[in-house]
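Hydrogens, waters and symmetry mates play no part in the numbers below; they use all other heavy atoms, side chains included.
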Amino acid sequence: MFALLRLVVVGFVVLSIVYICVSLYSRSVRRGRLDAEWELDQPPMTREAYIRKGMTEYEQSLRPKLILGVYLVPTLLICLIVYLTNFA
């Protein structure tokens, strides 16, 4: 039982670190694309307002929700492996 608890705690910490890194990377890439789009198009709003509006749209999109798969996929794989090892 202690080994399972240790696996869950260490796994959660590692997956949280991976999630934070992937999330920050994805946000920085999106911010860079918005900056490049602003340079090309020169819309009538300021650069900061354009990026803020684009990041608000990004936060409501599907991509940040898909990044939560960082928690889901490894957890399901570990559960599958444990099940197949013990009961199959």
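Gly69 and Pro74 get closest at one heavy-atom pair: O-CD, 3.8 Å. In terms of heavy atoms, Leu15 sits closest to Val70 at CD2-O, 3.4 Å. The nearest pair of heavy atoms linking Arg31 to Ile51 is NH1-CG2, 3.2 Å.
Judged by distance alone, the side chain of Asn86 and the main-chain N or O of Val82 form a donor-acceptor pair under 3.5 Å. Checking side-chain atoms of Trp38 against main-chain N and O of Met45 turns up a donor-acceptor pair under 3.5 Å. At distances below 3.5 Å, not a single donor-acceptor pair connects side-chain atoms of Ser26 with backbone N or O atoms of Val22.
Hydrophobic cluster membership for Leu84: Leu80, Tyr83, Phe87 (Ile, Leu, Val, Met, Phe, Trp, Tyr linked by side-chain heavy atoms under 4.5 Å, directly or transitively). Under a 4.5 Å side-chain heavy-atom criterion applied to ILVMFWY residues, the cluster that includes Tyr25 comprises Val29 as well.
Note: Tyr19 and Tyr71 have tilted aromatic rings, judged against thresholds of 30 and 60 degrees for the angle between ring planes.
A salt bridge links Glu57 to Lys53: at least one charged side-chain nitrogen sits closer than 4.0 Å to a carboxylate oxygen.
Taking NZ of Lys65 as the reference point, atom CD of Glu59 lies at 9.5 Å (rounded to 0.5 Å). Atoms CG and CZ, from Leu7 and Phe2 in turn, are 12.0 Å apart once rounded to the nearest 0.5 Å. Met55 contributes atom CE, which lies 9.0 Å from atom OG of Ser61 (distance to the nearest 0.5 angstrom). To the nearest 0.5 angstrom, Ser28 atom OG is 12.0 Å from Asp35 atom CG.
Phe12 and Leu68 fall within the same hydrophobic cluster, where Ile, Leu, Val, Met, Phe, Trp and Tyr residues are linked whenever their side-chain heavy atoms come under 4.5 Å apart, directly or through other members.
The shortest side-chain heavy-atom distance between Glu37 and Tyr50 falls under the 4.5 Å cut-off.
Atom CZ of Arg63 has 12 or fewer neighbouring heavy atoms from other residues, nucleotides or ligands inside a 6.0 Å radius.
When the options Val18, Ile17, Leu24 are evaluated for a side chain to side chain contact (heavy atoms under 4.5 Å, CB included) with Ile20, the one that passes is Leu24.
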